[in-house]
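Please read all numbers here as calculations on a predicted model, not as lab measurements.
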Amino acid sequence: MKNNFYTSWNKKLPKMNAKTLRWFLFPLSILLLVILFLIVQFGNPINLNAFKPKNIHEFSGVYFDQPKPMIILDKGNYPEGFRPEALLIGNGKFGAEAILAEKETIPSELNGKRIRLRGTLLYGDGKLLIELTDGAASILSLDKSISYPVQQTRPEPALLKGVILDPKCWFGSTKPLDGKVNKSCAIQGINGGTPPLFRVEKDGQNIYYVLESTSVEQINKVVLEFVAEAVLISGQVLSQNGWNVLRTNAEQIIYLNEK
């Protein structure tokens, strides 16, 4: 009777042991492949967005305060494959309105004017943001001699399902993109003044809308309780200076409570 006992110093594995091992390893490898597939398909999305804090660059273009402080960048000032319309945000968890207001003697004075600034670029999913990292010192020069017109389409009614998010958290600093970490980050940012975005999934792609309020209440206060949760929003949609816009109010936002 053959001895099938195997020891590590014996280089030759008995045939019975080798056959048993093959029958065990084959289904195990299939199982591992299935598990990896399920993780890729249904796990948390991987954040492929880019944000390198303090990696400051200079940018030039045309400034608009609609729908939110933004700049339409000159060619060569933004990554290939992206559109030139970049939202402006403040350093930390703040918006950019107060920074630009320091450069104006009357409201909206800079709207449509050429501007040169420096800041930190954030980008992802086809969208651009620029953090004015140095505050008012981020504005390097202004040209008030020429004024460019606001580009805007006619508002149309819409009913959309999606998620309200903070652009800096979503496009830049939060990993994973979903979950409690992202919700906490988004609440802090929107409460501090960063422009809230509404992400809608359509045909496997994300469509982003800048949210505006149709009431006297600020949109950041209106949406705060709904941040990072599935909601249904009715309102008016339009395009302003290359960004989709959704105008709504608190009564037109419904919490779906999806699990």
Side-chain angles (χ1 to χ4, degrees), residues 63-72 83-90 93-98 100 107-108 111-112 122 124-129 149-171 174 177-178 182-259:
Y63 170 79
F64 290 101
D65 58 14
Q66 299 170 335
K68 293 292 182 179
M70 61 167 291
I71 179 174
I72 299 181
R83 291 185 57 85
E85 302 89 3
L87 287 179
L88 300 179
I89 56 177
K93 303 291 186 180
F94 300 99
E97 285 90 347
L100 274 302
S108 298
N111 198 33
L122 299 80
D125 208 8
K127 297 299 182 182
L128 300 175
L129 291 88
V150 172
Q151 303 295 320
Q152 179 173 313
T153 62
R154 184 185 299 273
E156 297 181 355
L159 179 64
L160 301 171
K161 173 186 173 183
V163 179
I164 299 170
L165 53 87
D166 172 270
K168 186 174 183 180
C169 299
W170 184 258
F171 294 118
T174 304
L177 293 176
D178 291 327
N182 177 63
K183 183 171 183 175
S184 176
C185 180
I187 289 174
Q188 292 180 58
I190 292 175
N191 190 48
T194 56
L197 297 186
F198 188 53
R199 177 176 63 91
V200 175
E201 293 186 28
K202 183 177 181 181
D203 301 327
Q205 302 293 321
N206 290 323
I207 302 175
Y208 297 93
Y209 296 83
V210 176
L211 290 173
E212 288 187 340
S213 178
T214 57
S215 67
V216 295
E217 191 175 10
Q218 293 183 352
I219 190 64
N220 290 55
K221 303 302 180 185
V222 169
V223 305
L224 203 57
E225 64 177 292
F226 302 103
V227 170
E229 301 288 350
V231 292
L232 191 67
I233 301 181
S234 59
Q236 299 284 322
V237 297
L238 64 149
S239 175
Q240 281 185 326
N241 300 313
W243 274 90
N244 296 319
V245 178
L246 174 57
R247 293 173 175 169
T248 188
N249 57 58
E251 296 179 353
Q252 293 178 292
I253 305 176
I254 301 173
Y255 177 49
L256 295 179
N257 195 24
E258 292 186 342
K259 298 296 184 182

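Contacts of Asn244 classified as side-chain contact (heavy atoms from CB on, under 4.5 Å), with partners at least two apart in sequence or in another chain: Ile207, Tyr209. Residues meeting the side-chain contact (heavy atoms from CB on, under 4.5 Å) test with Leu159, sequence neighbours left out: Leu232, Ser234. Checked against side chain to side chain donor-acceptor pair (under 3.5 Å), Ser239 has no partners two or more places apart in sequence or in another chain. Residues satisfying the side chain to side chain donor-acceptor pair (under 3.5 Å) criterion with Glu97, sequence neighbours excluded, are absent altogether. The side chain to side chain donor-acceptor pair (under 3.5 Å) check on Gln240 picks up Gln152, with sequence neighbours excluded. Residues satisfying the side chain to side chain donor-acceptor pair (under 3.5 Å) test with Thr153, not counting sequence neighbours, are none.
With contacts defined as side-chain heavy-atom distances shorter than 4.5 Å, the pair Lys168/Leu122 qualifies. Side chains of Asp166 and Val227 form no contact here, defined as non-hydrogen atoms less than 4.5 Å apart. Between Cys185 and Lys93, some side-chain heavy-atom pair lies under the 4.5 Å cut-off. Proximity of Pro155 to Val237: side-chain heavy atoms (C-beta onward) are nowhere separated by under 4.5 Å. Side-chain contact between Trp243 and Lys127 is present, with at least one heavy-atom pair separated by less than 4.5 Å.
Checking side-chain atoms of Asp65 against main-chain N and O of Lys68 turns up no donor-acceptor pair under 3.5 Å.
Contact between Ala186 and Cys169 at its shortest, heavy atoms only, is N-SG, 3.5 Å. Nearest heavy-atom pair across Lys161 and Phe198 is C-CZ, 3.8 Å. The shortest non-hydrogen separation linking Ile72 to Glu85 is CG1-CG, 4.1 Å. Smallest separation of non-hydrogen atoms from Pro196 and Ile164: CB-CG2, 4.3 Å.
Donor-acceptor pairing under 3.5 Å is lacking for the side chains of Asn249 and Ser213.
Within the model, atoms CD of Gln66 and CG of Asn111 stand 5.5 Å from one another, a figure rounded to the nearest 0.5 Å. Within the model, atoms CG of Asp125 and CZ of Phe171 stand 6.0 Å from one another, a figure rounded to the nearest 0.5 Å. Atom CG of Asn206 and atom CG of Leu197 lie 11.0 Å apart (nearest 0.5 Å).
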Using the rule given for side chain to side chain contact (heavy atoms under 4.5 Å, CB included), can you reason through Gln236 versus Thr248, listing the C-alpha separation, both sets of side-chain angles and the distance that settles it, and then say yes or no? CA-CA 7 Å; Gln236 299 284 322; Thr248 188; over 6 Å; no
Apply side chain to side chain contact (heavy atoms under 4.5 Å, CB included) to Leu246 and Ile233, showing your working. CA-CA 9 Å; Leu246 174 57; Ile233 301 181; 3.6 Å; yes
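A salt bridge links Glu229 to Lys183: one of the charged nitrogens lies within less than 4.0 Å of a carboxylate oxygen. A salt bridge links Glu201 to Arg199: at least one charged side-chain nitrogen sits closer than 4.0 Å to a carboxylate oxygen.
Put simply, the residue from Asn241, Ile71, Leu88 that forms a side-chain contact (heavy atoms from CB on, under 4.5 Å) with Phe64 is Asn241.
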Output a table of donor-acceptor pairs, distance under 3.5 Å, between side-chain atoms of residues 216-226 and any protein atom two or more places apart or on a different chain; print 'none' if there are none.
{"from": "Asn220", "atom 1": "ND2", "to": "Ile190", "atom 2": "O", "distance (Å)": "2.7"}
{"from": "Asn220", "atom 1": "ND2", "to": "Thr194", "atom 2": "O", "distance (Å)": "3.0"}
{"from": "Lys221", "atom 1": "NZ", "to": "Asn191", "atom 2": "OD1", "distance (Å)": "3.3"}

